> 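I'd like to ask some things about the structure below.
The model shown is predicted, which means the values in this text are computed figures rather than measured ones. We name chains A, B, ... by the order of the sequence lines, and we start the count at 1 in each one.
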Number of protein chains: 2
Amino acid sequence: MSKSLLRLDPVGAAACCAPLAAQPLSRDQAEQIAPLLKALADPVRLRLMSLVASRAGGEACVCDLNDAFDLSQPTISHHLKVLHGAGLLNRDKRGVWVYYRVRPAALASIAALIASTPAPGSVGVSG
Amino acid sequence: MSKSLLRLDPVGAAACCAPLAAQPLSRDQAEQIAPLLKALADPVRLRLMSLVASRAGGEACVCDLNDAFDLSQPTISHHLKVLHGAGLLNRDKRGVWVYYRVRPAALASIAALIASTPAPGSVGVSG
DNA sequence: CCAAGACATAGAGGGTCATCGATATCCAGG
DNA sequence: CCTGGATATCGATGACCCTCTATGTCTTGG
């Protein structure tokens, strides 16, 4: 408890907003979604998410994640904390090991925003 | 030409990667997508994207965008430059005014990544 | 209790970012 | 050419972020 790393609201990570093109985002909506994107907007964290998500069973142990990078163990721990704090990953400690698991609702929240509402009469890619 | 604001590659903004859960992202893939997300990961830029996207005709004049915020004109200009540099917005100057327009391919690139591949046997929300 | 391993936290250093005021650039009109 | 309006760029400032080393906390095993 010092910085503001996990001052989020993982509660309603369901889907805060309609697609970008549906209507202008309110300031509150934007400030709710931006931290999610910010948590994702790092190459290391993107690969961490992908490593966890692509794992059979949908979860990965920190020990495996550490081995996948040339970074120090505290650095990986930091990134996992950011992802967990943003509500993108669930944490599950079993014995000595800690397993992380993707929280689908958080990703769905982003997907809903980016959802391809082809925009009113704009560039139609498919027809 | 000083910082590295628009050192991106708006060329192949089509869809660099399979969904997060399909397989681990390579470092190159992660470093290609992360700047896109980073450009989006700001409340102001999120609202700018939404304002442009939701506009009838799919484009918005900077003059209108400026009025939608309590920020200075240079600040809005800066954010638009970031979005343009990331390949998320197209720029079109007509006379004295400049119009921005969402580049659908860039958003599609993100959508493809987040696309809900429900993960191998993980949390099934609907079934 | 003690040792060892897995993971988290603390604090520091160096880089990047958001924002501003001031100023430059570009275009239209007279 | 000069004025005026619309945007972009510059330079500074304060905040935030990524990474590290060092250290703490928790759990298993003897």
> In whole Å, what is the span from the CG atom of A:N66 to the P atom of D:dT19?
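Nearest whole value for this atom pair: 13 Å.
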> Could you check if a side-chain atom of B:M49 sits within less than 4.5 angstrom of a side-chain atom of B:L89, using non-hydrogen atoms only?
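In contact.
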> According to a strict under-4.0 Å criterion, is A:Y100 in side-chain N/O contact with OP1 or OP2 of C:dC7?
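So the side chain of A:Y100 is outside the cut-off, no N or O lying under 4.0 Å from OP1 or OP2 of C:dC7.
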> Starting from P on C:dA8, measure out to CH2 on A:W97 and report it in whole angstrom.
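A:W97 atom CH2 is separated from C:dA8 atom P by 14 Å.
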> Take atom CG of B:L80 and atom C1' of D:dA8, then tell me their distance rounded to the nearest Å.
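Atom CG in B:L80 sits about 11 Å away from atom C1' in D:dA8.
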> Run the side-chain donor-acceptor check on residues 68-75 of chain B: report pairs under 3.5 Å with partners two or more places apart or on a different chain.
{"unit_1": "B:S72", "atom_1": "OG", "unit_2": "B:T75", "atom_2": "N", "d": "3.4"}
{"unit_1": "B:S72", "atom_1": "OG", "unit_2": "B:T75", "atom_2": "OG1", "d": "2.9"}

> Compare all side-chain heavy atoms of A:L80 with those of A:V98 and state whether any distance is below 4.5 angstrom.
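No; the side chains remain at least 4.5 Å from each other.
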> Tell me whether the side-chain N/O atoms of B:Y99 come closer than 4.0 Å to OP1 or OP2 in D:dT7.
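So the side chain of B:Y99 is outside the cut-off, no N or O lying under 4.0 Å from OP1 or OP2 of D:dT7.
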> Assign a letter to each nucleotide of nucleotides 24-30 of chain D from its 5' end: B, base within under 4.0 Å of a protein heavy atom; S, sugar-phosphate only; -, no contact.
--SSS--
> Look at the side-chain N and O atoms of A:R91 and state whether any lies under 4.0 Å from the OP1 or OP2 oxygen of C:dC7.
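No, no such contact exists.
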> Whole angstroms only, please: what is the CD-P distance between A:E31 and C:dA18?
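After rounding, the reported distance stands at 14 Å.
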> How large an angle, rounded to 10°, do the end axes of the helix from C:dC1-D:dG30 to C:dG30-D:dC1 enclose when each is built from five base pairs?
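End axes: 20° apart.
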> Check B:E59 with B:R94, please: is the shortest side-chain N to carboxylate O separation under 4.0 Å?
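A salt bridge links B:R94 with B:E59.
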> Heavy atoms from C-beta onward define the side chain here; which of C:dA18, D:dT7, C:dC7 lies closest to that of A:C63?
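Side chain of A:C63 sits closest to C:dC7.
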> Do B:N90 and B:R101 pair up side chain to side chain, a donor and an acceptor below 3.5 Å, judged on atom types alone?
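The criterion, which ignores hydrogens and geometry beyond distance, is not satisfied for B:R101 and B:N90.
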> How about A:S77 and A:V62: do any of their side-chain heavy atoms sit closer than 4.5 Å?
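A side-chain contact is absent here, since even the closest heavy-atom pair is not under 4.5 Å.
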> Could you state the atom-to-atom distance from CZ of A:R94 to P of C:dG5 in whole Å?
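Spelled out: CZ on A:R94 to P on C:dG5 is 22 Å.
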> Would you mind reading off the distance between A:K38 atom NZ and C:dT16 atom C1', rounded to a whole angstrom?
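Taking NZ of A:K38 and C1' of C:dT16, I get 12 Å after rounding.
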> How close or far is atom C1' of D:dT7 from atom CG of B:D92, stated in whole angstroms?
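Spelled out: CG on B:D92 to C1' on D:dT7 is 14 Å.
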> Working to the nearest 0.5 Å, report the span between CG of B:L46 and CD of A:Q32.
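The distance works out to 11.0 Å.
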> How long is the span from the CD1 atom in B:I114 to the CD1 atom in A:I110, to the nearest 0.5 Å?
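It comes to 5.0 Å.
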> Can you tabulate the close N/O pairs, meaning under 3.5 Å, that link protein atoms to atoms of nucleotides 19-24 of chain C?
{"unit_1": "C:dT19", "atom_1": "OP2", "unit_2": "B:H79", "atom_2": "NE2", "d": "2.3"}
{"unit_1": "C:dC20", "atom_1": "OP2", "unit_2": "B:S72", "atom_2": "N", "d": "2.9"}
{"unit_1": "C:dC20", "atom_1": "OP2", "unit_2": "B:S72", "atom_2": "OG", "d": "2.9"}
{"unit_1": "C:dC20", "atom_1": "OP2", "unit_2": "B:T75", "atom_2": "OG1", "d": "2.6"}

> Has the side chain of A:R55 got a donor or acceptor atom that lies under 3.5 Å from a matching backbone atom of B:A21?
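Checked: no pair found.
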> Nearest-Å distance, CG (B:D67) to C1' (D:dA6)?
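It works out to 12 Å between those atoms.
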> Mind checking whether A:L107 and A:L40 have side chains closer than 4.5 Å, heavy atoms only?
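Yes, at least one pair of side-chain atoms sits under 4.5 Å.
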> Would you tell me if any nitrogen or oxygen in the side chain of A:K81 comes within less than 4.0 Å of OP1 or OP2 on C:dA8?
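A:K81 to C:dA8 OP1/OP2: no side-chain N or O under 4.0 Å.
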> Would you list the pairs meeting side chain to side chain donor-acceptor pair (under 3.5 Å) in which at least one residue belongs to residues 38-51 of chain B, sequence neighbours left out?
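Found B:R45-B:H79.
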> For A:D28, enumerate each residue passing the salt bridge (charged side-chain N to carboxylate O under 4.0 Å, His left out) test, keeping only those at least two apart in sequence or located in another chain.
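Checked A:D28 against salt bridge (charged side-chain N to carboxylate O under 4.0 Å, His left out); zero matches.
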